[in-house]
Structure formats: C-alpha cells, structure tokens
Visitor: 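After the structure tokens below, expect a handful of questions from me.
This one's a predicted model, so the numbers in the text were calculated from it and none came from an experiment. Remember, it's 1-based here, ligands and their atoms both numbered in the order they're listed. Both backbone and side-chain heavy atoms feed into the values below; hydrogens, waters and symmetry mates do not.
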Amino acid sequence: MNVLILGSGGREHAMAWKISQSPRCKKLYIAPGNPGTALCGENVPLQLNDFPAIGKFAKDHAIDLVVVGPEEPLVKGMADYFSRDAALKNLLFVGPTAGGARLEGSKAFAKGFMRRHGIPTAAYRSFTRESVEQGKAFLQSMAAPYVLKADGLAAGKGVIICDSLNEAYETLDEMLCSELFGQASATVVIEEFLQGREVSVFIVTDGKSYVMLPAAKDYKRIGEEDTGPNTGGMGAVSPVPFADKKFMAKVEERIIRPTIGGLIKEGVAYCGFIFFGLMEVDGDPFVIEYNVRLGDPEAEAILPRISSDFLDLMEAAAKGALDKHRLIISLQHAATVVLASGGYPGNYETGFPLFNLEHTEGSQVFYAGVKREGGSLKTSGGRVLAITSLGGDTAKALKASYATARLVDFRGKYCRYDIGKDLLP
Ligand code: AMP
Ligand code: GLY
C-alpha cells in the first residue's frame, strides 16, 4: 500500500514510525513532515490546506490510503473534498468530514451534541456579542472558578479559567466584543468548572464500530506540579491507573457508544479518530472536549504500545471493517517527556543545534519542532522533541526517558521533571 500522512509534528512522526513498520507499507509519504518523518518515509512539501495540490499528489503517486494528523484540514473539509472528486473518492481516507469535525471545530456544537444525546459534560450556555449581558448574568449565577471557551479553533489557547467574577466579566468582554481570538470567539461557551483528574481516551471508528486505543494522561501546564500557563502538552504516560476496567466500562457505556449513536442519528458519517478529553469526578467520567485527531504528545506514548499492525487498523477503519479488526496492546508502560525551547509557551528563540541525538538507545525520540539546516538538525519550534520509553512499569519507563532527556541537548532546553510522578505507587 502507498500511504500519505498529513502533518508535521511529533504526533505525525509517531504515526509515520508506526506505519512504516508494517510489512504492507510499500511507499510512505508525509506532507509536509519534518526531519523525523523523513527517517520513516519521504517528505513532500505540500501545504495542509491546499486540497487540490494534495489531491493531485495522491493521484500522481497512486496513494491508497491517506491519514490526517491535525484537525484543521478536517474542519476545513479535506475529507469532503476527496469524496467529491471522482478520482479520489474511492481512495481510503482516515479523517472525518467537516460535519464530523465540528465535534472539535465548534465547542457550542459539541456541547449541543452532548446535550442532545445525554452525554455527561459540564453544565453550560453559549453567548454571542448580542447576549453579552445575559452571559454576565449567567456568570453571576455560577460559583468560581469560571470556565470560558472560544467556540472555534484557537490553536489550543481558547480556554480561559478565571478565579474572580470581575476577571470573568472582562474576559467575556474581550472574547466577544474585542475579538480576543478573532472569529473563533464570536461565540463563547461558559461552563461549570469540573474538579477531578483528566485522562485522554482515544478510539478509531468507522462510524459503526470502534476500536479502543490505550488511554493516556497528558501534562498540559508548563510548570512542575501543574503550574503556569497551558502548553500543547509537556509529557504523557500510558496506561493510566485510575482509568481502570470499571471506569473505562462507564466511559464506553455513557460516552463512547452514545457519541457514535449520536453521529449515526444525526446522519454524520465519521471515519477517523475521536479523542475524548475526560475529567474523572468521583469515579465518573465527564467530557471536557472532543478532538477529531490523536493527541500530541499522547500519540507518542500510545502508538508504541500498539503491537498489532497499525496500517491494518487504518485500512479497516477506512473500509468500514473495524468490527473484524483485532488490536493488540502491549502490557508495557510508556512514558513520554517533551523537551521544549526555553521560554515556551511564551516567546522563545529557535535555530539552536541539537546534540547527542545518536545516544538515545532505550528510547524512541520523536521530532516535533526540528528543522534540517545544511547538514545539521536545529530547533524550530516550542516543543522540540518527544522522548518515549517503554518499561515493565511506569517508573522504569520514566527512568529511561529521563536518562535520554538529560543526554539530548540544545541551548535553552526545558522539560518537566515530574511527568507521571502523581501516578506512581
Ligand atoms: P481544552 O482546550 O478544552 O482542552 O481545555 C484546556 C484545559 O482547560 C483542559 O485540559 C482542562 O484542564 C481545563 N478545562 C476545560 N474545561 C474545564 C472544565 N469545565 N472544568 C475544569 N477544567 C476545565
Ligand atoms: N495534548 C492535548 C492535545 O493534543 O490536544
């Protein structure tokens, strides 16, 4: 099979690494990819939102299967574009249509969907510029802290949690009236604050059946002990001890099955990943958000735990044959530590050479913000590398990842040293 993966981060490096291990993968292309994906296949300089160019590439290179990494091209209708083109519509495509991608593309849609299908989530209302005063009255009726979410995609920055009512009023004004996140905050969801533990749950679905991937815990804040601003994620571990059999049975019954049932009822054909960002509150799961992709860095922790052929899984999803697929998950534990540029998620410098990448035995290093300049690898983003190790338990996996994290170097290197610590016995 000839495969095209779309995206350029650590997640896509992990996907390319996994798919390239399949004996059935003939030619693997990644667009636009990064120097890590170039170790697994061939990078192609295509813009993710240039659907005609991607379609033409797929035709010219006899691509059999397309797997989309990030959400944006899906929200913008890449799957719809492929299904409208006579020469592309029979190609296997993993990623939902724009209708399905609204689960991530519009928080107001996602909340309405959960309400319609009785899926547990925080109580909420949505507001626009016209209803800003009602928004303030709603805030007043709630207790602190206040959770305000921009409706649309805001590069992971669209959620603001305010401790005081005044701060919440100001934030609401900024989002609705001063376009804090542009069009993305033309509608704002205000919701109840849920106190609990977060866990990322992933499925692959063909719209009828689904396969559960391993769950992971992500560490979102920049600082140790979950302090400081939110990032894309500073590390991840899988499995997650509190996401045990009993909890996951509730997740399937109350969340996963009603989500797939809801999509069917609403006539939304959905083929791809669903990432349920969940909060465990006193043993019960609530949906914080849906995403229509794998998480990053969660993908770097969960894909190495899949022992069966990941290309077979993608093919089964695209063919609507997931009911016959058997996924095998390793009993090994995975720990992923992200090395970031000093200053991230605020301002940071890039262009610094990477050292000791050849001394990473015992870990798999996935490239995120890395570029090749001349003959050498340099930093090019906030999150630079995601280092994953497997071990018989989480402590062993963490030990191996931190050993590699200490060796690999670049100017300004920053990482959290407490990834997974809260989950150790
Ligand atoms: P999101 O971008 O939706 O993942 O939100 C970013 C982060 O905000 C989440 O990972 C949670 O830590 C936090 N968050 C979002 N919604 C809530 C909520 N209703 N209650 C508590 N924390 C929340
Ligand atoms: N790590 C969280 C995300 O990918 O959204």
Visitor: Judged on heavy-atom distance to atom 11 (C) of ligand 1, which of Lys220, Glu289, Glu198 sits nearest?
Guide: Glu198

Visitor: Only heavy atoms of Lys107, strictly under 4.0 Å: list the atoms of ligand 1 that pass.
Guide: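 What qualifies from ligand 1 is 3 (O).
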
Visitor: Please work out which of Ile190, Asn291, Ile288, Asp218 has its closest non-hydrogen atom nearest to atom 23 (C) of ligand 1.
Guide: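 The option holding the nearest heavy atom is Ile288.
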
Visitor: Test side chain to side chain contact (heavy atoms under 4.5 Å, CB included) on Leu322 and Leu313 and set out the steps.
Guide: CA-CA 7 Å; Leu322 277 182; Leu313 174 66; 3.8 Å; yes

Visitor: Please report the shortest heavy-atom distance between Ile30 and Ala16, naming the atom on each side.
Guide: CG1-CB, 4.1 Å

Visitor: Between Glu71 and Arg293 (salt bridge meaning N to carboxylate O under 4.0 Å), is one present in this structure?
Guide: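 Salt bridge flag = yes for Arg293 with Glu71.
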
Visitor: Rounded to the nearest 0.5 Å, what's the gap from CG on Leu46 to OH on Tyr29? Could you check?
Guide: 11.5 Å

Visitor: Regarding Asp173 and Lys136, does a basic nitrogen lie under 4.0 Å from an acidic carboxylate oxygen?
Guide: yes

Visitor: Below 4.0 angstrom, N of the basic side chain to O of the carboxylate: do Arg254 and Asp284 qualify?
Guide: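 Counted as a salt bridge, because a side-chain N and a carboxylate O are separated by less than 4.0 Å.
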
Visitor: With a 6.0 Å cut-off (strictly less than), is the heavy-atom count around CD of Glu266, excluding the residue itself, greater than 12?
Guide: yes

Visitor: I'd like the name of whichever of Val159, Leu148, Val147 reaches closest to atom 6 (C) of ligand 1 through any heavy atom.
Guide: Val159

Visitor: Within ligand 1, which atoms have a heavy atom of Leu194 less than 4.0 Å away?
Guide: 18 (C), 19 (N), 20 (N), 21 (C)

Visitor: With heavy atoms under 4.0 Å as the rule, classify the contact between Glu192 and ligand 1 as side chain, backbone, both or neither.
Guide: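 Backbone only.
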
Visitor: Looking only at distances, please establish whether an N/O atom of ligand 2 is found under 3.5 Å from an N/O atom of Asn291.
Guide: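 No, Asn291 has no N/O under 3.5 Å of an N/O on ligand 2.
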
Visitor: Less than 4.0 Å between a side-chain N and a carboxylate O, is that true for Asp226 and Lys220?
Guide: no

Visitor: For the ring-ring contact (aromatic ring centres under 6.0 Å, His included) test, which of Phe202, Phe276, Tyr270 pairs with Tyr290?
Guide: Phe276

Visitor: Identify the protein heavy atom lying closest to atom 5 (O) of ligand 2, giving its residue, its atom name and the separation to 0.1 Å.
Guide: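 Looking only at protein heavy atoms, the one closest to atom 5 (O) of ligand 2 is Arg293 NH2, 3.0 Å.
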
Visitor: How far is atom 14 (N) of ligand 1 from the closest protein heavy atom, and which atom is that?
Guide: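 Closest protein heavy atom to atom 14 (N) of ligand 1: Ile161 CD1, 4.0 Å.
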
Visitor: With the threshold set at under 4.0 angstrom, would you say Gly295 reaches ligand 2 through any of its heavy atoms?
Guide: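 Per 4.0 Å heavy-atom rule, Gly295 contacts ligand 2.
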
Visitor: Any Lys/Arg nitrogen of Glu315 or Lys319 sitting under 4.0 Å from an Asp/Glu carboxylate oxygen of the other?
Guide: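 Yes.
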
Visitor: Under 4.0 Å from a heavy atom of Met279: give me the atoms of ligand 1 that qualify, with their elements.
Guide: 21 (C), 22 (N)

Visitor: For atom 16 (N) of ligand 1, what's the nearest protein heavy-atom neighbour? Residue, atom name and distance, please.
Guide: Lys149 NZ, 3.0 Å

Visitor: What are the atoms of ligand 2, with element, lying closer than 4.0 Å to any heavy atom of Gly232?
Guide: 1 (N), 2 (C)

Visitor: Answer yes or no: does an N/O atom from Phe275 fall short of 3.5 Å to an N/O atom of ligand 2?
Guide: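 Min N/O separation from ligand 2 is not below 3.5 Å for Phe275.
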
Visitor: Just jot down the ligand 1 atoms closer than 4.0 angstrom to any heavy atom of Glu191, in number order.
Guide: 16 (N), 17 (C), 18 (C), 19 (N)

Visitor: Could you tell me the residue and atom name of the protein heavy atom closest to atom 7 (C) of ligand 1, and the distance to it rounded to 0.1 Å?
Guide: Asn230 ND2, 4.1 Å

Visitor: Distance alone, cut at 3.5 Å: any donor-acceptor contact between the side chains of Thr227 and Glu225?
Guide: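 Absent: no donor and acceptor within the cut-off.
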
Visitor: To check your reading of the model: name the closest protein heavy atom to atom 2 (C) of ligand 2, its residue, and the distance in Å.
Guide: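 The closest one turns out to be Asp218 OD2, 3.4 Å.
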
